[in-house]
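Taking it in order: structure first as structure tokens, then the write-up.
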Amino acid sequence: MRLMMKLTLSVALLIVGAALPLFVDELTISILMQAYLWAFLAMSWDVIGGYGGQFSLGHAAFLALGAYTSTILLQSYNISPWIGMWAAGLIAGGAGALVGIASLRLRGPFFALGTIAFAELVELLLLYFKEITGGPLGILITKSGPENMLFNTQTPYYYLTLTLAIAGILFLRWFESSKFGIGLIAVREDEEAAEGVGINVYRTKVIGATISAFLTGIGGTIYAQWMHFIRPDILVKLDYSTQIAAIDVVGGAGTPYGGLIGALVLVPLSLYLNALFGGMIAGLSVILYGVVLLIMVVLAPGGIYGLVRGKLRGGRKGGK
Amino acid sequence: MYFQLHRRRRGDFTSLINFFPLLRIRIGKVTGGSPLIELGAYTQLLVSYTILGGVYGLTALGLSLIWGVMKAVNWAHGDFLMLGMYVAFWTVTLLGIDPYIAAIVSFILLGLLGMMTHIIAIEPVVEKPGGHEATLLTTLGISVILESLALILWSPSPRSYYNSYKNTFLEVLGVRTSVAEAIAFMISIISIVAVDQFLRRVRIGKAIRAVSQNPIGARVVGIDVPRIRLMTFGLGVALAGMAGVLVSTFYPNIRPLAGSVWDIASYVVVIFAGLGTIYGVIFAGILIGILEGLGTIIFSNAFRQILVYAVFLMILLLRPQGLFGKALRRV
């Protein structure tokens with residue numbers, strides 16, 4: 001019975017999601033599209049940040065590496081991003097493996113700081129190798145056409161990112177019950193105990209970080225194709241790293257739905273607030289964003305998902 | 001411009017390149033002559049960066065304290081520093097007092113603000129599971145709020161105030177520094193010694209140390225741990241406020257996003273120094289200052305940050321307890 005209910009709910013949501021562009025205006029489509037993209041990035045982060053318990057604040061670096069890889073392949077070698085996104089994932093995944101190795105030595109806030117430094121280093125290197133990356137000016141995408149993942153309207157991007165977000169949820173659902181996923185959760189809960197029952201902590205952490213970075217790299221490609229240009233200072237920013245993490249934590253880290261819930265709350269909130277107050281008082285929308293973040297983290301440690309699930313199950317605290 | 005979404009300029013390190021407009025002009029005048037003069041310019045550069053490093057030490061001190069006692073990362077550290085700069089600006093321009101008296105005013109005001117922040121953002125989450133990550137996010141919220149408030153109230157354009165210390169120079173063995181820089185360096189060292197003595201000799205200081213070493217044990221012997229945390233956070237933020245005033249005496253660029261230049265530098269210093277060392281931060285600060293100077297001399301201005309981050313990552317990986325820290329137990 002519960003299964004049937006869940007299935008019906010999922011199908012209904014899917015139909016609503018797919019049919020929505022027919023009823024709403026371009027701006028709303030664009031906002032939802034960004035929410036889905038951030039949801040996917042947050043879900044990618046969730047693999048190592050939520051399930052793995054390694055609080056990365058350097059995911060913007062993987063986003064940028066992905067975006068740069070596919071864009072350079074497109075602009076210089078004429079390789080379509082549909083293929084380039086896999087290369088983007090691989091490059092970002094390689095960098096993720098490095099971060100995974102670092103996570104073996106660094107724990108808690110040290111890991112977070114290490115990833116910040118890593119992201120800063122990536123930004124500086126992108127600025128430094130001007131010949132390849134265009135330095136501070138970045139790269140403008142001059143190609144066009146759907147074969148290059150470039151569209152004139154927001155709707156195709158909407159479906160693209162919707163697919164991505166659904167794929168992300170399905171992946172996480174599969175992941176959390178897979179042998180590897182369970183191993184990663186075990187490592188999060190207690191490394192020594194996990195080691196004791198025969199889980200290779202080293203391999204688990206490195207592969208977890210690689211998967212997370214791989215997915216983020218693919219998200220980076222989509223982001224670049226949507227933006228039509230990339231620049232180090234707008235991509236590799238701590239803001240993006242923290243935003244990815246914040247969305248997931250607000251939604252509910254370590255759950256398949258946390259990323260989507262968080263993104264659907266935070267992204268439209270910040271964009272609408274910005275549209276509402278942006279003209280009048282520049283900072284007001286951002287203040288409200290900060291207040292919401294603060295209240296959410298203090299009052300709902302398990303994220304919105306944890307809060308809702310806790311309520312449904314009769315006051316028991318949900319969450320991780 | 002500043003407010004597309006919640007894009008803050010925290011990671012914006014290009015501003016660091018323009019960090020020393022004064023310095024570059026000075027070097028520009030000296031270089032281009034004989035190799036001997038260029039050597040002099042290098043010494044000048046190294047001295048300037050050493051002084052900067054000392055101030056890095058002070059900016060990192062508050063962060064290190066908070067981190068050491070409650071294992072919380074204060075993400076808004078740079079923003080408290082920025083508020084300190086504004087305290088200096090307003091007290092000096094409106095009341096006409098000396099910037100070094102403004103440092104005391106800033107210490108008190110920011111200390112109170114720090115305690116308020118602690119009550120709102122740190123205490124509710126710090127003891128829960130996943131509390132370290134939660135403090136990262138709550139202080140991020142505080143940081144966003146402070147920066148936006150500063151932007152609304154004081155506009156993004158940079159300000160500076162007149163102070164005679166900045167324009168007076170000391171010259172020792174051909175190396176010139178402004179009086180403001182020299183005083184900032186000295187106050188940094190004095191503050192670090194003072195904080196160390198406070199932690200060693202004063203009753204509250206001892207309690208802070210006890211909480212940082214063993215919170216449960218501290219509670220057992222009757223220390224009010226939440227109160228000690230409150231005071232530590234207040235002290236950490238007060239030190240940031242004081243550092244902000246000192247920075248504003250020689251770095252005449254007071255703007256709402258000025259904190260971003262300093263806070264990542266502070267994190268680097270804290271990691272370099274390692275936990276539980278007070279003197280460590282001054283050495284680590286100076287070390288980073290020298291490293292930046294060497295990076296500028298050997299490579300280029302742009303490459304110096306790459307060098308700092310590369311060394312930072314190496315230290316983080318090879319010696320996570322920091323250069324001067326004791327071996328870590330599990331965090």
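Numbered from 1 within each chain, the chains take letters A, B, ... in sequence-line order.
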Beyond-backbone contact of A/Phe55 with B/Leu137, side-chain heavy atoms, under 4.5 angstrom: yes
Taking every non-hydrogen atom, the tightest pair across A/Val297 and B/Val125: O-CG1, 4.0 Å
Could you tell me whether B/Leu153 atom CG has more than 12 heavy atoms of other residues or ligands within 6.0 Å of it? yes
Rounded to the nearest 0.5 Å, how far apart are CH2 of B/Trp75 and CD1 of A/Ile116? 3.0 Å
CD (A/Gln243) and CG (B/Leu140) are apart, to the nearest 0.5 Å, by 9.5 Å
If you count heavy-atom pairs under 4.5 Å between each of A/Ala112, A/Ala119, A/Ala246, A/Ala117 and chain B, which one has the most? A/Ala117
Can you tell which part of B/Leu136 gets under 4.5 Å to a heavy atom of chain A, answering side chain, backbone, both or neither? side chain
